Amino acid sequence: MFKSVRGTKDIFPPEVIRWQNLEETIRKVMKNYNYGEIRTPIFEETSLFARGIGDETDIVEKEMYTFADKSQNSLTLKPEMTAAVVRAYVQHNFGESRPVNKFYYVSPMFRQERPQAGRLRQFHQVGAEIFGTNSYLADCELIILAEDLLSKLGVRNLNLYLNSVGCPKCRPVYIERLKKYFLKIESSLSEDSRNRLKKNPLRILDSKDEKDIHLKEDAPSILDNLCDECGEHFSKVKKFLVGNKISFKINPNLVRGLDYYTKTAFEFTSTDLGAQDAICGGGRYDLLVSQLGGKETPGVGWACGIERILLASQKYEERINESLDCYFCLLGDSPKSTVYNLISELRKENISCDCDMLDRSLKAQMREANRLNAKFVIIIGQEEFEKNVAVCKNLATGEQQIVVTNEVKNYLKKNLIL
RNA sequence: GUGAGCGUAGCUCAGUUGGUCAGAGCAUCAGGUUGUGGCCCUGAGGGCCGUGGGUUCAAAUCCCAUCGCUCACCCCA
């Protein structure tokens, strides 16, 4: 038997209703904040991600779905969206037609990791990006947008963590200081962290290993090592958020796993998730556009994991009760094509209808109507057909009356609250 | 990539020390009502007990392998 491949999921009713509602909410909220939707292809040239995300990141090193097409071009299923959006931004010269551009997206992403709670190989993200402004206002609007969206999507118990990862002026200096600090105590570090020390010392700060947790307490903090520009930007962000009643915690150990971040980095977590508790992550990336061949253009953005949103909001949701306006019970040899004309007519009026296709007993058809949570049942048997009438039964009240076929539409319109 | 736990009906799960162990509830279908749902009652269908091998007179049960799922590590949304 064929099965969906590891780490992928089928989505169908009733679960798919949650997705539809979520997408609808996203569109509404994004409209309020004036972000335009962008849809990019599912795959890109491999080198876009290698250069954008960083050659030595885990995503690029071991998690990408990369394949060669028939022309031997190396292509990759997108593992994240920012590089793709930047590619589109540069390709279409969006910066030329207006100085600031705000985009959002909802899209599947692909990373070949071992699946676990809140982690899939094909997963979905909603994200937002702002291009063309250095202003702290952009960072702040995005954080406020994320908070607004997540709470409208029913996610609770959120924590916002905030940090600044500096810029090419101050970060290299800080990394050197950090390296020096950890080199002195290298032998006490966990094995993972000794490797991190060589590749990316910042990530030691993020370690969950018992051995590292004490050691990193006394490590130099990036926040004490920011250059004037980064420091000022960070304090403006904090001040703005306080002024807008957004609560957050400073976490100097928050390091993002993608190389392109500069200055502000942030993450929302929810305690309603498992070990993978990050529901939204983002930050500023002032160098990415130029790195990918565009004019030097500052950018900020975030991405939220849709599966994680659905996971975290699940237990607070009411049960979804789908309903149908009317179910047709067809009996005996009543010409179905004639009855079906009526069904078509009702559907054109946005009255949702369905009918039996198995020639089952009336009892079975009624049971089906009840199961579908139908508001009305229309019974047309031989007798009704000959008299040109239909029995209309209100399933909630149990009342039923005989209506002339031509009047069924009006009868329903009158009695249904559409 | 590493580690741990788990695979029995569409779903959620029982199944003792290997010996009427092929089960329950829900769901489905049918009947009770020859044309009226929900509640109730009666009955039915549905399983190579993940797969392959081994031990044994006998395996859902024990052993080995394999595949899959789940959770966690790594990392990330």
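Please read these numbers as outputs of a predicted model, since none were measured by experiment. Below, chain A is the first sequence line, B the second, and so on; all start at residue 1. Just so you know, these numbers use all the heavy atoms, side chains as well, and skip hydrogens, waters and symmetry mates.
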> Looking only at side-chain N and O atoms, does A:Arg203 come under 4.0 Å of OP1 or OP2 in B:C74?
Replying inline: no

> If you measure from the P atom in B:G5 to the same atom in B:G10, how many Å do you get, rounded?
Replying inline: 28 Å

>> Between A:Cys304 and A:Ser4, which residue's closest nucleotide on RNA chain B lies nearer the 5′ terminus?
In response: A:Ser4

> Salt bridge between A:Glu317 and A:Arg18, side-chain N to carboxylate O under 4.0 Å?
Replying inline: yes

>> Let's see if you can work this out: which of B:G1, B:A30, B:C74 has an atom nearest to the side-chain heavy atoms of A:Ala364?
In response: B:A30

> Tell me: CZ of A:Phe2 to C1' of B:G68, nearest whole Å?
Replying inline: 16 Å

>> Measuring from the side chain of A:Asp58 (C-beta onward, heavy atoms only), which nucleotide among B:G68, B:C75, B:U28 has the closest atom?
In response: B:C75

> Under 3.5 Å, is there an N or O donor on one side and an acceptor on the other linking the side chain of A:Asn370 and the base of B:G38?
Replying inline: no

> Can you list the residues that meet the side chain to side chain donor-acceptor pair (under 3.5 Å) rule with A:Asn225, with sequence neighbours excluded?
Replying inline: A:Arg177

>> Taking A:Glu44 first and then A:Arg87, would you say they form a salt bridge - that is, a charged N and a carboxylate O separated by under 4.0 Å?
In response: yes

> Mind checking what makes side chain to side chain donor-acceptor pair (under 3.5 Å) contact with A:Lys28, not counting sequence neighbours?
Replying inline: none

> For A:Asp359 and B:G35, what is the distance between atoms CG and P respectively, to the nearest whole Å?
Replying inline: 13 Å

>> Among B:G37, B:G35, B:A77, which nucleotide has an atom closest to any side-chain atom of A:Glu383?
In response: B:G35

> Rounding to the closest angstrom, what is the interatomic distance between B:C64 and B:A27 at atom C1'?
Replying inline: 38 Å

>> Holding to salt bridge (charged side-chain N to carboxylate O under 4.0 Å, His left out), I want the full list of residues that pass it with A:Arg196, two or more places apart in sequence or in another chain.
In response: none

> For RNA chain B, what residues of residues 261-285 of chain A have any heavy atom nearer than 4.0 Å?
Replying inline: A:Gly274, A:Ala275, A:Gln276, A:Ala278, A:Ile279, A:Cys280, A:Gly281

> Any side-chain N or O of A:Lys3 under 4.0 Å from OP1/OP2 of B:G68?
Replying inline: no

>> So A:Leu120, base contact, sugar-phosphate only, or nothing? Heavy-atom distance under 4.0 Å.
In response: base

>> Per the salt bridge (charged side-chain N to carboxylate O under 4.0 Å, His left out) rule, what does the pair list look like for residues 147-160 of chain A, sequence neighbours excluded?
In response: A:Asp148-A:Lys152

>> Give me each pair satisfying salt bridge (charged side-chain N to carboxylate O under 4.0 Å, His left out) with a member in residues 134-146 of chain A, each pair once, sequence neighbours excluded.
In response: A:Lys102-A:Glu141, A:Asp139-A:Arg284

>> Check A:Glu345 with A:Lys348, please: is the shortest side-chain N to carboxylate O separation under 4.0 Å?
In response: no

> Looking at B:C75, B:G38, B:U36, which one has an atom nearest to any side-chain atom of A:Arg367?
Replying inline: B:G38

> Between B:A77 atom P and A:Asp206 atom CG, what is the distance in whole Å?
Replying inline: 11 Å

> Base, sugar-phosphate, or nothing: which does A:Lys9 touch, judged by heavy atoms less than 4.0 Å apart?
Replying inline: sugar-phosphate

> If the C1' atom of B:G43 is compared with that of B:G3, how far apart are they to the nearest Å?
Replying inline: 50 Å

> Taking the side chain as C-beta and beyond, is there a heavy-atom pair between A:Pro79 and A:Phe110 under 4.5 Å?
Replying inline: no

> Listed by chain and number, what are the side chain to side chain donor-acceptor pair (under 3.5 Å) partners of A:Lys249, not counting sequence neighbours?
Replying inline: A:Asn159

>> Taking donor-acceptor contacts at under 3.5 Å, does the side chain of A:Glu63 reach the base of B:G1?
In response: no

> Is there a residue in residues 394-410 of chain A whose heavy atoms reach under 4.0 Å of RNA chain B, and which residues are they?
Replying inline: A:Leu395, A:Gly398, A:Gln400

> Taking only Watson-Crick and G-U wobble pairs with both distances under 3.5 Å, what dot-bracket line describes RNA chain B, where [ ] shows pairs that cross earlier ones and | shows pairs with another strand?
Replying inline: (((((((..((((.....[...)))).(((((.......))))).....(((((..]....))))))))))))....

> What closest approach, in Å, do A:Ile309 and A:Ile279 show between heavy atoms, and which atom pair accounts for it?
Replying inline: CA-CD1, 3.8 Å

> Is A:Glu368 salt-bridged to A:Arg371, cutoff N-O under 4.0 Å?
Replying inline: yes

Taking N or O atoms only and anything under 3.5 Å, show me the protein contacts with nucleotides 40-47 of chain B, one pair per line.
none

> Which pairs, with at least one residue in residues 56-68 of chain A and sequence neighbours excluded, count as a salt bridge (charged side-chain N to carboxylate O under 4.0 Å, His left out)?
Replying inline: A:Asp58-A:Lys62, A:Asp58-A:Arg203, A:Glu61-A:Lys199

>> With rounding to the closest Å, how many angstrom separate the P atoms on B:U8 and B:C41?
In response: 29 Å

> Considering only the P atoms, how many Å lie between B:C62 and B:U16, rounded to the nearest integer?
Replying inline: 9 Å

> Which listed nucleotide (B:A72, B:C75, B:A77) is nearest to the side chain of A:Arg196?
Replying inline: B:C75

> Expressed in whole Å, how much space separates the C1' atoms belonging to B:U2 and B:A60?
Replying inline: 31 Å

>> From C-beta outward on A:Arg308, which listed nucleotide comes closest to its side chain: B:C75, B:G35, B:A77?
In response: B:A77

>> With rounding to the closest Å, how many angstrom separate the P atoms on B:U20 and B:U36?
In response: 47 Å

> Quick one: do A:Lys393 and A:Glu399 make a salt bridge, cutoff under 4.0 Å?
Replying inline: no

> Within this structure, what is the CD-to-C1' distance between A:Glu113 and B:U2, rounded to whole angstrom?
Replying inline: 14 Å

> Are any of A:Gln116's side-chain N or O atoms less than 4.0 Å away from OP1 or OP2 of B:C71?
Replying inline: no

>> Once you apply a heavy-atom cut-off of 4.0 Å, does A:Glu384 come out as touching a base, just sugar-phosphate, or nothing?
In response: base

>> Whether A:Arg371 contacts B:C29 is assessed here as follows: a side-chain N or O lying under 4.0 Å from the phosphate OP1 or OP2. Is that the case?
In response: yes

>> Applying a 4.0 Å non-hydrogen cut-off, can you work out what A:Ile59 is touching in the nucleic acid: base, sugar-phosphate, or nothing?
In response: nothing

>> Going by the rule salt bridge (charged side-chain N to carboxylate O under 4.0 Å, His left out), which residues pair with A:Glu307 if we only count those two or more places apart in sequence or in a different chain?
In response: none

> Which whole number of Å gives the distance between the P atom of B:G25 and that of B:U61?
Replying inline: 25 Å

> Below 4.0 angstrom, N of the basic side chain to O of the carboxylate: do A:Asp359 and A:Lys336 qualify?
Replying inline: yes

> So does A:Arg39 pair up with A:Glu37, basic N to acidic O under 4.0 Å?
Replying inline: yes

> According to a strict under-4.0 Å criterion, is A:Arg6 in side-chain N/O contact with OP1 or OP2 of B:C67?
Replying inline: no

> Relative to the 5' end of RNA chain B, which residue comes earlier, A:Lys208 or A:Glu307, by the nucleotide with the nearest heavy atom?
Replying inline: A:Lys208

>> Determine whether a donor-acceptor pair (one donor, one acceptor, N or O, separation below 3.5 Å) exists between the side chain of A:Arg111 and the base of B:C75.
In response: no

